[in-house]
Amino acid sequence: MKKKFLSAVLSVSMLASVLTGCGNTDNSSSQSQTPAANTNNADNAAQGDDAQADASADQSADNTAEQTPATSSGSGKVYYLNFKPEQAKDWEALAAKYTEQTGVPVVVQTAASGTYESTLKSEMAKSEAPTMFQVNGPVGLATWSDYCYDLSGSDIYGQLKSDDFALKEGDAVKGIAYVIETYGIIYNADILNDYFTKDYAAVKSVEEINSFEKLKAVADSIQANADDLGVKGAFTSAGMDSSSDWRFKTHLANLPIYYEYKADGISSTEAIKGTYLENYKNVWDMYITDSTCAPTLLSSKTGEDATADFALGDAVFYQNGTWAYSDLSANGMADESLGMLPIYIGVEGEENQGLCTGSENYWCVNKNAPEKDIQATLDFMNWVVTSYDGCDSLAYTMGFVCPFKEFDNFPVSNPLVEIANDYVSSGKASVAWNFTTMPSENWKNGVGSALLEYAQGTGDWSAVQTAFVDGWAAEYAASNN
């Protein structure tokens with residue numbers, strides 16, 4: 001990842017909420033036919049602490065000029081196909097507020113978890129297609145580029161803090177990142193500090209955990225002495241239902257891809273070699289054996305189960321990201337109890353590795369929409385990232401880390417983000433989000449299924465290798481023909 005990208009990330013006041021389009025237990029899409037409607041059943045953990053939100057809003061009000069009413073330059077309408085089920089209600093509320101101020105209709109439809117691509121294809125085929133949608137990066141853009149309006153002359157493009165947050169084809173700006181996130185291995189500092197005092201502790205401080213070898217030694221000894229520590233396992237359950245499997249088939253799978261790209265000096269490929277798949281296996285083995293549950297139970301374990309494992313003190317380690325802070329805080333965890341380690345996989349030089357930072361959320365505008373709807377959509381997008389109401393909602397209600405200038409006036413506190421910034425400040429190399437180059441959702445699903453079969457003992461690791469390597473080549477070819 002380029003140093004200027006990391007610098008730009010550091011300049012953002014970072015907070016994020018329950019993930020970023022990667023996991024949700026809702027299995028149906030929802031639509032607001034009128035802006036005030038609210039039909040999505042997904043829980044919004046980002047709204048769990050009203051006192052914090054109120055305090056943050058008061059703080060931002062002190063730093064922001066008095067709000068001016070929203071205006072619209074035309075009579076068009078907006079239809080936003082939202083990628084994040086966990087923020088469905090928030091987007092509907094924000095859309096209603098914009099309509100109240102401008103009279104411009106804004107419809108928000110939210111795709112169910114894991115169905116965004118298929119929902120987008122279906123909706124784009126309709127006469128009333130989305131005017132605003134999103135892609136996950138270069139692979140998503142390859143599919144939808146012909147639908148993307150050039151945002152290079154737009155007001156919202158001018159609001160970006162860095163050009164690194166723009167998704168480009170040549171000079172054309174096809175997408176704009178609207179949330180930046182970081183993930184790693186969150187740890188319970190209270191339990192870990194207690195562990196360090198024990199005779200059986202493999203290390204005596206968190207600073208010593210700087211490699212996979214050290215991490216595994218710690219996890220193994222925690223698992224062996226779980227009763228003494230008052231825990232059920234070293235790691236939370238590695239649930240493989242749709243609310244949790246993205247943590248492993250996407251986020252964990254990013255590590256072997258990142259190191260292969262780094263070794264080969266590339267940023268994408270049509271045929272992954274699987275150079276670091278043995279490292280991937282070693283981490284997965286640790287996750288499913290040094291755990292709060294037996295591997296045979298993983299098919300039914302959810303993201304909520306993993307959150308509960310960690311928040312209740314049943315586990316010491318939890319692979320997740322900065323967006324998890326809202327849930328953990330709402331479940332009573334104190335800021336000082338939270339820490340985060342890189343996901344070490346056992347490669348040379350990993351003691352200098354940092355956390356995984358990036359985005360897979362880029363806003364796009366449908367260039368095939370009527371002109372008045374395009375303009376209405378551009379006006380709405382700019383209002384979202386410049387108005388008090390829009391910034392307050394994104395920063396404090398949705399809990400997003402946004403790379404736009406106005407968000408300097410909306411500071412929020414997240415200990416996990418502060419830890420992420422400390423890693424970069426200390427010179428640790430952040431891991432790029434190369435999973436945006438994964439060839440398809442079908443590829444991820446194939447890897448996830450093979451991981452589960454291996455964990456349950458109904459398949460072997462060779463099936464994971466086949467899904468990873470052969471599946472990549474097949475899906476890349478299918479997506480590019």
Side-chain angles (χ1 to χ4, degrees), residues 4-17 20 44 46-72 80 84 87 90-91 93-98 100-102 106 132 151 154-166 173 176-182 322-323 325-326 329 335 357-359 361-363 378-422 424-425:
K4 66 175 183 175
F5 174 85
L6 296 174
S7 176
V9 170
L10 277 173
S11 70
V12 181
S13 294
M14 299 182 76
L15 175 66
S17 67
T20 159
N44 181 11
Q47 291 178 310
D49 191 343
D50 292 338
Q52 179 182 348
D54 290 343
S56 298
D58 289 342
Q59 183 180 15
S60 69
D62 292 338
N63 296 323
T64 308
E66 183 178 352
Q67 178 181 325
T68 56
T71 59
S72 177
Y80 176 34
K84 293 174 171 288
Q87 270 81 44
D90 304 325
W91 275 112
L94 189 59
K97 190 166 290 188
Y98 184 74
E100 180 183 355
Q101 294 183 24
T102 67
V106 179
M132 180 179 172
L151 298 167
S154 66
D155 290 336
I156 190 172
Y157 176 57
Q159 292 299 324
L160 278 178
K161 301 179 85 170
S162 168
D163 214 38
D164 291 313
F165 301 115
V173 177
I176 289 176
Y178 66 93
V179 57
I180 308 300
E181 295 163 314
T182 297
T322 49
W323 54 83
Y325 173 66
S326 300
S329 178
D335 288 4
T357 298
S359 181
N361 299 277
Y362 293 85
W363 277 333
L378 293 172
D379 291 343
F380 173 67
M381 292 168 70
N382 191 58
W383 176 84
V384 166
V385 304
T386 59
S387 71
Y388 174 87
D389 287 331
C391 295
D392 179 73
S393 179
L394 264 62
Y396 299 141
T397 303
M398 302 186 201
F400 289 166
V401 180
C402 298
F404 303 104
K405 298 172 183 176
E406 190 62 31
F407 284 80
D408 286 343
N409 295 319
F410 289 78
V412 287
S413 176
N414 180 337
L416 299 179
V417 170
E418 293 168 8
I419 292 167
N421 290 344
D422 288 343
V424 178
S425 298

Point to revise | Approximate separation, where rounding is to 0.5 Å, of Asn414 CG and Ile419 CD1 | key: 8.5 Å
Practice item. Determine yes or no for a side-chain-to-main-chain donor-acceptor pair under 3.5 angstrom, with Ser425 supplying the side chain and Asp422 the backbone. Key: no
Exercise for review: Could you check if a side-chain atom of Tyr178 sits within less than 4.5 angstrom of a side-chain atom of Cys402, using non-hydrogen atoms only?
Suggested key: no
Study note, to complete from the structure: Output for pair (Phe400 CZ, Leu394 CG), nearest 0.5 Å, gives 6.0 Å
Exercise for review: Please check if any side-chain donor atom of Thr357 sits under 3.5 Å from a side-chain acceptor atom of Thr182, or the reverse.
Suggested key: yes
Point to revise | Pairwise side-chain contact, Asn382 with Gln159, heavy-atom cut-off 4.5 Å (strictly under) | key: yes
Review point. Would you say Phe404 and Thr386 make side-chain contact, with heavy atoms under 4.5 Å?
Key: no
Exercise for review: Before accepting this row, confirm whether a basic side-chain N of the pair Lys161/Asp408 lies closer than 4.0 Å to the acidic partner's carboxylate O.
Suggested key: yes
Practice item. Ignoring hydrogens and angles, tell me if any N or O in the side chain of Ser359 forms a donor-acceptor pair with the backbone of Ala177 under 3.5 Å. Key: no
Review point. Side-chain contact, heavy-atom cut-off 4.5 Å: Trp383 with Leu94?
Key: yes
Exercise for review: Decide whether Asp389 and Tyr98 meet the rule of one side-chain donor and one side-chain acceptor closer than 3.5 Å.
Suggested key: no
Check your understanding: Do Asp90 and Gln87 have a side chain donor and acceptor closer than 3.5 Å?
Key -> no
Study note, to complete from the structure: Output for pair (Phe165 CZ, Ile176 CD1), nearest 0.5 Å, gives 12.0 Å
Practice item. Would you please indicate if the ring centroids of Tyr388 and Phe410 are separated by under 6.0 Å? Key: yes
Point to revise | Lys405 (side chain) donor-acceptor with Gly158 (main chain) under 3.5 angstrom | key: yes
Revision key, fill the gap. d(Asp379 CG, Asp155 CG) to nearest 0.5 Å is 7.5 Å
Exercise for review: Answer whether the closest heavy-atom distance between the side chains of Ile156 and Trp363 falls below 4.5 Å.
Suggested key: yes
Revision key, fill the gap. To the nearest 0.5 Å, atom CZ of Phe407 lies from atom CD1 of Ile180 at 11.5 Å
Practice item. Tell me, please, which residues at least two apart from Trp91 pass side-chain hydrogen bond (donor to acceptor under 3.5 Å, both in side chains). Key: none
Point to revise | Nearest-0.5 Å distance, CD of residue Glu406 to OG of residue Ser387 | key: 8.5 Å
Check your understanding: Side chains of Met398 and Ser393: closer than 4.5 Å at any heavy-atom pair?
Key -> yes
